[in-house]
Novice: 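This is the structure I want to talk about, given as structure tokens.
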Number of protein chains: 2
Amino acid sequence: MFSALAHPTRRALLARLADGPASVTELAAPFAVSLPAISKHISVLEQAGLLQRTQSGRVHTCALDAAPLRDAADFVQRYQVFWTQTLDALAAYAEATAPEPESD
Amino acid sequence: MFSALAHPTRRALLARLADGPASVTELAAPFAVSLPAISKHISVLEQAGLLQRTQSGRVHTCALDAAPLRDAADFVQRYQVFWTQTLDALAAYAEATAPEPESD
DNA sequence: AAATCATTTAACGAGTTGGTTAAACGTTAT
DNA sequence: ATAACGTTTAACCAACTCGTTAAATGATTT
């Protein structure tokens, strides 16, 4: 999943699909690589569950499926406190997760 | 960045660091791989900016730096609308491409 | 039926990743 | 000074990634 997102071409493909479904050739058009290369990228995205294929005739139409990205969002947001809060809040968070008997 | 997150061991290291800084040996302890392997993972995280190293004596203390994760969060959240509206969008698209009169 | 089109598969090569063990490096302790 | 410790570097290997070109597949058009 994260490795599917790790390649810039694949992120660009997702961005393109955010504007609507497209065929493999349409998806490949903006890129300077061969069609088989794009085909492989699409397979990677499909296997990561980020892309759904619908074959109608000889045209494979690809559509974005962002559902798995929710997991990535969940993962990343667990760390949100570490970049949004101040050091005080960070300390509070540390204390909340690993309570330390300080007094009382 | 995404490729740094792509390896489960590295995500586990980040999770561990979320509880506070730790030395390389401490970080390596829970894993069944050799110390050099962990050392490399730490280097990858460090190069991705997710980890800061402080050498004091012969001990390298590693601390989480979640700031770069903000970029990942930004990326992922651009797609949030696609998984919050997924059911409607998918239904509409399915109906448009393969019209299946199920209810009228 | 033959040609063309959209796409994938096959086979290959260069470079990277993720692991290993052995050795090196610098720090601390005896 | 010597030994032990924490960590990295070196050298190596197997497996994977990302790209290529050439051929195959299957659908459509002529």
Side-chain angles (χ1 to χ4, degrees), chain A residues 1-17 19-65 68 72 75, chain B residues 1-17 19-65 68-69 72 75 93 96-99:
Chain A
M1 160 79 200
F2 278 119
S3 32
L5 295 178
H7 199 286
T9 297
R10 289 196 288 265
R11 290 197 299 273
L13 287 172
L14 290 182
R16 172 79 197 270
L17 287 178
D19 283 344
S23 75
V24 172
T25 317
E26 284 168 356
L27 285 173
F31 300 101
V33 296
S34 66
L35 209 48
I38 296 295
S39 181
K40 286 182 195 175
H41 282 308
I42 290 176
S43 292
V44 170
L45 290 172
E46 190 180 20
Q47 212 161 354
L50 291 164
L51 184 149
Q52 280 175 353
R53 218 185 292 234
T54 313
Q55 183 169 358
S56 120
R58 62 190 169 192
V59 176
H60 295 213
T61 299
C62 302
L64 177 67
D65 181 1
F75 174 86
Chain B
M1 162 78 204
F2 278 119
S3 33
L5 295 178
H7 199 286
T9 298
R10 288 195 290 265
R11 290 197 298 274
L13 287 172
L14 290 182
R16 172 80 197 270
L17 287 176
D19 283 344
S23 76
V24 172
T25 316
E26 284 169 356
L27 286 174
F31 299 101
V33 296
S34 67
L35 209 49
I38 296 295
S39 181
K40 285 183 194 175
H41 282 308
I42 289 176
S43 293
V44 170
L45 290 172
E46 190 179 21
Q47 211 162 353
L50 291 163
L51 184 150
Q52 280 175 354
R53 216 186 294 234
T54 313
Q55 183 169 359
S56 124
R58 63 191 167 188
V59 176
H60 296 212
T61 299
C62 302
L64 177 66
D65 181 0
L69 286 180
F75 174 87
Y93 178 69
T97 52

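Chain A is the first sequence line, chain B the second, and so forth, proteins listed ahead of strands; every chain is numbered from 1. Predicted model, so just to flag it, every value in this text is computed and none were measured.
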Novice: For the pair made of CG in L5(B) and P in dG18(C), what is the distance, rounded to whole Å?
Specialist: 12 Å
Novice: If you look at every heavy atom in P68(A) and G49(A), which pair is closest and at what distance?
Specialist: CG-O, 3.2 Å
Novice: Check every strand shown and say whether S3(A) touches a base, only sugar-phosphate, or nothing at a heavy-atom separation below 4.0 Å.
Specialist: nothing
Novice: Rounded to the nearest 0.5 Å, what's the gap from NE2 on H7(A) to CG on L13(A)? Could you check?
Specialist: 10.0 Å
Novice: Give me the distances for all protein-to-nucleotides 20-25 of chain D N/O pairs that come in under 3.5 Å?
Specialist:
unit_1: dT20(D); atom_1: OP1; unit_2: S34(A); atom_2: N; d: 3.4
unit_1: dT20(D); atom_1: OP2; unit_2: S34(A); atom_2: N; d: 2.9
unit_1: dT20(D); atom_1: OP2; unit_2: S34(A); atom_2: OG; d: 2.6
unit_1: dT20(D); atom_1: O4; unit_2: K40(A); atom_2: NZ; d: 3.1

Novice: Of L17(A), L64(A), D65(A), L14(A), which meets side chain to side chain contact (heavy atoms under 4.5 Å, CB included) against L45(A)?
Specialist: L14(A)
Novice: For DNA chain C, what residues of residues 41-51 of chain A have any heavy atom nearer than 4.0 Å?
Specialist: none
Novice: Give a yes or no on whether the backbone of P30(A) and the side-chain of R16(A) come within a donor-acceptor separation of less than 3.5 Å.
Specialist: no
Novice: Using 0.5 Å steps for rounding, measure from the OG1 atom of T54(B) to the NE2 atom of H60(B).
Specialist: 10.5 Å
Novice: Are any side-chain N or O atoms of S3(A) and backbone N or O atoms of A6(A), one a donor and one an acceptor, separated by less than 3.5 Å?
Specialist: no
Novice: Is R10(B) reaching over with its side chain to a backbone N or O of L5(B), donor-acceptor style, under 3.5 angstrom?
Specialist: no
Novice: To the nearest 0.5 Å, what is the distance between NE2 on H41(A) and CG on L27(A)?
Specialist: 12.0 Å
Novice: Both V59(B) and A6(A) contact DNA chain D. Taking the nearest nucleotide for each, which residue is further toward the 5' end?
Specialist: V59(B)
Novice: Please enumerate all protein N or O atoms sitting under 3.5 Å from an N or O of nucleotides 26-30 of chain C, with distances to 0.1 Å.
Specialist:
unit_1: dT27(C); atom_1: O2; unit_2: R58(B); atom_2: NH1; d: 2.8

Novice: Would you compute the distance between atom CE of M1(A) and atom CZ of F2(B) and round it to the nearest 0.5 angstrom?
Specialist: 7.5 Å
Novice: When you measure from the side chain of E46(A) to the backbone N and O of S43(A), does any donor-acceptor pair fall under 3.5 Å?
Specialist: no
Novice: Could you state the CZ-P distance from R10(A) to dT17(D), rounded to the nearest angstrom?
Specialist: 8 Å
